[in-house]
Amino acid sequence: MLSHSFLYRKFAGMTAPCFLITLIFFVSSCSEPNEPVSSSYLVEIPDPFVQNKLLAKTINLGNALEAPNEGDWGVVLKGVYFEKIKEVGFTAVRIPVRWSAHTSAEFPFIIDPVLMERVGWALDQAEKNSLAAIINIHHYEEIFSDPLKEKEKFLALWKQIAEKFINRPTTLFYELLNEPHDQLDAELWNNFLDEAIDTIRAIDSTHTLIIGTAEWGSISAMNKLILPQEEKNSIFTFHYYSPFQFTHQGAEWVDGSNAWLGTSWNGFQSEKEVISLDFLKVKTWARQHNVPVLLGEFGAYSKADMESRIRWTQYVARSAEQDSFSWAYWEFALGFGIYDPDINTWREPLLEALIH
Ligand code: BGC
């Protein structure tokens, strides 16, 4: 991979003690007394393990900005949602965004300023309510069928996003791509993520990155993921919807899922063990790689029975917490929703299963 560490380049000539101090304090503390300090040297690199605590209880604001156009799937973000989310105890929001559908047709793939401003507005709402925020690239469908053709655009998106939001507080996180799959396989994904990190770090040294696996963000691809060695400010993420026949029963976008209707999750020891073992695998891998973990999506669709949904959601959330994973429930106000936007009310039992 290219040498991407802006910070390492920047501080190449510095003595080791000064460099270490820089990780905690501003460079100005190492400068000669009367030497002017350039603002570009005011670099503070957050500790990703500390950062991950900000994401402890996250809600996915799904089906809004990653729809072809906001509102197409029935969800339009409102300022009051952020207030309510904060009020009940969530610490962060994950905001999926379909950037790829809102750019100019050719290089440099200029992002539509209307979408850019809308995302900025959502980040303002998060900041105003002291919520951390994750933005990602979501539903970039073309990259999954023809990754090499789309690579230039993928990198152009990150360049513009990093330039636009560089001055936002470090409570903003960048997640590189939602659920790589199909032709964007694990091997190619390692290469794409290296280049995306290079692109972001050439502009922005401070915001914490969130890096997931290929194969739809699942654990199955974890051992194939190569985390770039030089990148120390990142969090590992995976998605968990197992047993899939339970969480996705009757899901309109999953062929054959009507046959699974009626599948329950009873919280039997044997059912719990499957989840615990999966999480143990993640925990072990993350320890080996010295990286914190975000369970970036989990949830059971509304066609499953509510009692089972509550049991499963509670067990998954508590298991994540025990393993020191932060978590992000999928999602706020639609098919998996814990909030009913028609009557402006939380679905209390599900909310309690999450936030106890
Ligand atoms: C997808 C959603 C889907 C959810 C659960 C998300 O990553 O973007 O469309 O509802 O996973 O399947």
Side-chain angles (χ1 to χ4, degrees), residues 55 58-77 92-102 115 119 122 134-145 154 157 173-182 184 189 210-222 236-261 263 265 275 278 294-304 308-309 312-313 316-317 320 326-339 341 347 350 354:
L55 306 177
T58 302
I59 183 77
N60 274 286
L61 288 174
N63 300 298
L65 296 177
E66 90 279 22
N69 293 289
E70 187 181 5
D72 284 359
W73 291 347
V75 184
V76 174
L77 297 181
V93 288
R94 178 173 180 258
I95 307 171
V97 185
R98 193 188 292 239
W99 301 97
S100 56
H102 302 275
L115 179 64
V119 174
I134 304 168
I135 52 174
N136 71 356
I137 293 183
H138 208 102
H139 281 318
Y140 187 170
E141 310 302 348
E142 302 81 2
I143 204 172
F144 305 130
S145 51
F154 174 60
L157 292 177
F173 295 69
Y174 296 141
E175 182 183 335
L176 299 183
L177 182 66
N178 187 62
E179 300 186 348
H181 61 275
D182 197 5
L184 187 47
W189 176 230
I210 299 181
I211 302 173
T213 61
E215 299 173 15
W216 300 92
S218 80
I219 298 176
S220 63
M222 191 172 61
F236 169 72
T237 189
F238 73 106
H239 292 179
Y240 199 76
Y241 288 105
S242 183
F244 198 67
Q245 300 196 350
F246 163 65
T247 63
H248 278 68
Q249 56 188 288
E252 293 76 8
W253 62 100
V254 180
D255 285 346
S257 64
N258 277 344
W260 310 333
L261 285 167
T263 309
W265 195 86
I275 297 176
D278 280 343
L294 162 69
L295 165 55
E297 282 188 20
F298 70 107
Y301 195 46
S302 50
K303 295 207 175 156
S308 292
R309 290 175 74 198
W312 182 87
T313 303
V316 173
S326 55
W327 54 250
Y329 179 75
W330 185 269
E331 36 70 42
F332 179 59
L334 209 70
F336 295 70
I338 52 165
Y339 183 80
R347 298 199 167 100
L350 267 181
L354 282 170

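First listed ligand is number 1; within each ligand, the first listed atom is number 1.
Here's the thing with Glu297: one of its N/O atoms is less than 3.5 angstrom from an N/O atom of ligand 1.
In this structure, atom 4 (C) of ligand 1 lies nearest to the protein heavy atom Trp330 NE1, 3.5 Å. Ranking protein heavy atoms by distance to atom 12 (O) of ligand 1, first place goes to His248 NE2, 2.6 Å. Looking at atom 1 (C) of ligand 1, its nearest protein heavy atom turns out to be His138 NE2, 3.8 Å. Atom 9 (O) of ligand 1 has its closest protein heavy atom at His139 NE2, 3.5 Å.
The closest side-chain heavy-atom distance from Tyr339 to Ile59 is not below 4.5 Å. Side-chain contact between Trp73 and Pro68 is present, with at least one heavy-atom pair separated by less than 4.5 Å. No side-chain heavy atom of Lys303 sits under 4.5 Å from any side-chain heavy atom of Trp260.
Close approach of ligand 1 to Glu179 is summarised as follows: ligand atoms under 4.0 Å from at least one heavy atom of the residue are 7 (O). Close contacts between ligand 1 and Tyr241 involve ligand atoms 4 (C), 5 (C), 11 (O) [criterion: under 4.0 Å to a heavy atom].
Contact annotation: Trp216 has no heavy atom less than 4.0 Å from any atom of ligand 1. Residue Trp253 places a heavy atom under 4.0 Å from ligand 1.
In this model, a donor atom of one side chain and an acceptor atom of the other lie less than 3.5 Å apart for Ser220 and Glu215.
When non-hydrogen atoms are compared, ligand 1 lies under 4.0 Å from neither the backbone nor the side chain of Glu331. Contacts between Asn178 and ligand 1, counted as non-hydrogen atom pairs separated by less than 4.0 Å, involve the side chain only.
Atom CH2 of Trp216 is surrounded by 12 or fewer heavy atoms from other residues, nucleotides or ligands within 6.0 Å.
Between the CD1 atom of Ile210 and the CD1 atom of Ile134 there is a distance of 4.0 Å, given to the nearest 0.5 Å.
When the options Glu66, His138, Arg94, Glu331 are evaluated for a side chain to side chain donor-acceptor pair (under 3.5 Å) with Asn60, the one that passes is Arg94. Each of Tyr329, Trp327, Tyr240, Tyr241 was scored for a side chain to side chain donor-acceptor pair (under 3.5 Å) with Glu297, with one residue passing: Tyr241.
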